[in-house]
Peer 1: 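Have a look at this one before I ask anything.
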Amino acid sequence: MKDKNINNDTLKNLNYKWLISCGAIASFIFTFSWIIQGIFKYSYNSLSMSISSLAIGSFGWIQSFTFILTGGFTSFICIWIF
């Protein structure tokens, strides 16, 4: 009969999978956010303007929040790895 105890290697693999998921989620959130905001902001042109210019204006708080959220996910991965 197999032992049902979880060893450290299994926990490490689960942590790494979770961290990789954080990275994938962060990139998806960032990309989805600027594409949707770019569509709805009349004066935004993605070919000639940077993504950070979406943080200017009345709905700029959304892009600022996106920067903070995705930066947090990315920083969490970096802290965990190093």
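Below, all heavy atoms of this structure are taken into account, side chains as well, without hydrogens, waters or symmetry copies. Given the structure is predicted, the values throughout are model-derived calculations rather than measurements.
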Peer 1: Is it the case that one hydrophobic cluster holds both W61 and F40, taking links as side-chain heavy atoms less than 4.5 Å apart, direct or via other members?
Peer 2: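 They do not share one cluster, since no chain of ILVMFWY contacts under 4.5 Å joins W61 to F40.
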Peer 1: Please report the shortest heavy-atom distance between I62 and Q37, naming the atom on each side.
Peer 2: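 So the minimum-distance heavy-atom pair works out to CG2-NE2, 2.6 Å.
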Peer 1: Would you check if the side chain of S33 reaches a backbone N or O of F30 as a donor-acceptor pair within less than 3.5 Å?
Peer 2: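 Between the backbone of F30 and the side chain of S33 there is no qualifying donor-acceptor contact (under 3.5 Å).
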Peer 1: Hydrophobic side-chain clustering at under 4.5 Å (ILVMFWY, transitive links): who's grouped with F65? Put none if nobody.
Peer 2: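 Direct or chained contacts put F65 with I25, I29, L69, F73.
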Peer 1: Drop me the distance from S53's OG to Q63's CD, to the nearest 0.5 angstrom.
Peer 2: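 Reported to 0.5 Å precision, the distance equals 8.5 Å.
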Peer 1: CD1/I36 to OG1/T31 distance, rounded to the nearest 0.5 angstrom?
Peer 2: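 Those atoms lie 11.5 Å apart.
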Peer 1: Specify the closest pair of heavy atoms between T74 and A26, including all atoms of both residues, with the distance to one decimal.
Peer 2: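 Heavy-atom minimum between the residues: OG1-CB, 4.4 Å.
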Peer 1: Applying side chain to side chain donor-acceptor pair (under 3.5 Å), can you list everything that pairs with S58, at least two apart in sequence or on another chain?
Peer 2: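 Side chain to side chain donor-acceptor pair (under 3.5 Å) list for S58, sorted by chain: empty.
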Peer 1: Report yes or no: do I39 and L54 belong to one cluster of Ile/Leu/Val/Met/Phe/Trp/Tyr joined by side chain heavy-atom distances under 4.5 Å?
Peer 2: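 Same hydrophobic cluster.
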Peer 1: Checking S46 now: which residues fulfil side chain to side chain contact (heavy atoms under 4.5 Å, CB included) with it, not counting sequence neighbours?
Peer 2: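 Applying side chain to side chain contact (heavy atoms under 4.5 Å, CB included) to S46 gives W34, Y44.
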